[in-house]
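Notes follow once the structure below has been shown.
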Amino acid sequence: MKLAIEEVSYSILDTPIIEDISLHIKTGQFVGLIGPNGSGKSTLLKNASRILEPHTGSVHLDGRDLYRLTQKQTAREMAVVSQETSLTFDFSVQEMVWMGRHPHKRLFQGDTEKDRRIVNHALARVEMNGFEERSFMSLSGGEKQRVLIARALAQEANIIILDEPTNHLDIRHQLQLLDLVKKLDVTVLTALHDINLAAMYCDYIYVIQNGQVITSGTPEAVLTTTMIRNVFGVETEIGIHPVTEKTHITFLAHI
Ligand SMILES: Nc1ncnc2c1ncn2[C@@H]1O[C@H](COP(=O)(O)OP(=O)(O)OP(=O)(O)O)[C@@H](O)[C@H]1O
């Protein structure tokens with residue numbers, strides 16, 4: 001599934017938050033957004049996933065205008081894992097993941113054996129089976145994050161949009177989650193703070209600063225000492241890791 005974001009801008013109270021951003025994401029690509037705090041990554045992801053409607057510009061899914069699809073059509077195609085899951089009522093872990101099946105159901109259609117299998121499999125893939133009856137709100141931040149990923153898996157969407165999916169996760173679960181998402185063979189757009197993880201997993205990276213894309217390309221092309229100094233104000237040493245053969249960044253603390 002292809003995602004085309006064309007010249008999208010979004011303002012809050014006349015203050016531009018993102019300006020003229022264009023992203024072109026090919027089917028099956030794993031694309032990362034990196035940039036400092038407040039640069040506009042979450043706002044862009046919300047514009048790309050129908051949480052906030054862009055003030056100008058357009059978002060197309062395989063050539064179809066996102067805003068002309070029904071909510072249900074969108075949910076069959078696109079899953080969103082965001083940090084802000086505000087719930088009015090508490091739900092059990094199982095209920096949270098079942099929600100991922102709703103876009104696939106007709107009105108009043110009951111749950112099927114297939115739904116049950118998909119939900120159980122999704123929970124197992126994020127190692128949250130055994131937590132089915134627990135209240136979602138009682139989970140730790142990392143456990144919540146894994147349940148939200150399970151819900152996205154149960155949704156069986158062709159594109160997944162993630163906002164800082166590794167937040168709250170310990171290192172094993174960070175790697176497990178990104179491995180899992182990478183292996184799904186779907187199109188992925190994700191904001192990531194950890195630039196080394198972005199280098200390991202992304203096919204393509206967009207760097208956002210002050211609400212604009214300032215550069216984009218493969219991790220090897222984009223992740224340079226000059227870019228990181230200019231955008232993040234941090235000195236680095238960058239090389240190719242001998243084992244992973246991926247770009248590896250060593251951050252040089254001011255000590
Ligand atoms: N509702 C709002 N009212 C006012 N300003 C807002 C609002 N929502 C976001 N902003 C501002 O928009 C800018 C971009 O925020 P956004 O959350 O998109 O950045 P981000 O790159 O995702 O940041 P972070 O890395 O810290 O998560 C920030 O300066 C933020 O304070």
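FYI, the numbering just counts along the sequence from 1. In each ligand, atom 1 is the first atom listed, and ligand 1 is the first ligand listed.
- Atoms of ligand 1 lying under 4.0 Å from at least one heavy atom of Lys41, given by number and element, are 18 (O), 19 (O), 20 (P), 21 (O), 22 (O), 23 (O), 24 (P), 25 (O).
- Using a 3.5 Å distance cut-off with no hydrogens or angles, the side chains of Gln145 and His173 do not pair a donor with an acceptor.
- In this structure a side-chain-to-backbone donor-acceptor pair under 3.5 Å is present from Asp115 to Thr112.
- Across Leu13, Ile12, Asn47, heavy-atom proximity to atom 8 (N) of ligand 1 is greatest for Ile12.
- The closest heavy-atom contact to atom 27 (O) of ligand 1, among the options Gly40, Ser42, Ala191, Pro16, comes from Ser42.
- Atoms of ligand 1 found under 4.0 Å from any heavy atom of Ile17, numbered from 1 in the order shown, are 11 (C), 12 (O), 13 (C), 14 (C).
- No side-chain donor-acceptor contact under 3.5 Å links Ser82 and Asp163.
- The protein heavy-atom contact nearest to atom 18 (O) of ligand 1 is Thr43 OG1, 2.5 Å.
- Judged purely by distance below 3.5 Å, without hydrogens or angles, the side chains of Ser216 and Tyr204 pair a donor atom with an acceptor atom.
- Inspection of the Asp14 and Ser11 side chains reveals no N or O donor paired with an N or O acceptor under 3.5 Å.
- Relative orientation of the Tyr10 and His55 rings is parallel, given thresholds of 30° and 60° on the angle between their planes.
- Distance remark: protein heavy atom not present below 4.0 angstrom from atom 31 (O) of ligand 1.
- By the criterion of a heavy-atom distance under 4.0 Å, both the backbone and the side chain of Asn37 are placed next to ligand 1.
- Under 4.0 angstrom from ligand 1, the non-hydrogen atoms of Pro36 all belong to its backbone.
- Side chain of Asn196 to backbone of His248: no donor-acceptor contact under 3.5 angstrom is found.
- By the criterion of a heavy-atom distance under 4.0 Å, the side chain of His193, and not its backbone, is placed next to ligand 1.
- Ligand 1 has an N or O atom lying under 3.5 Å from an N or O atom of Gly38, backbone or side chain.
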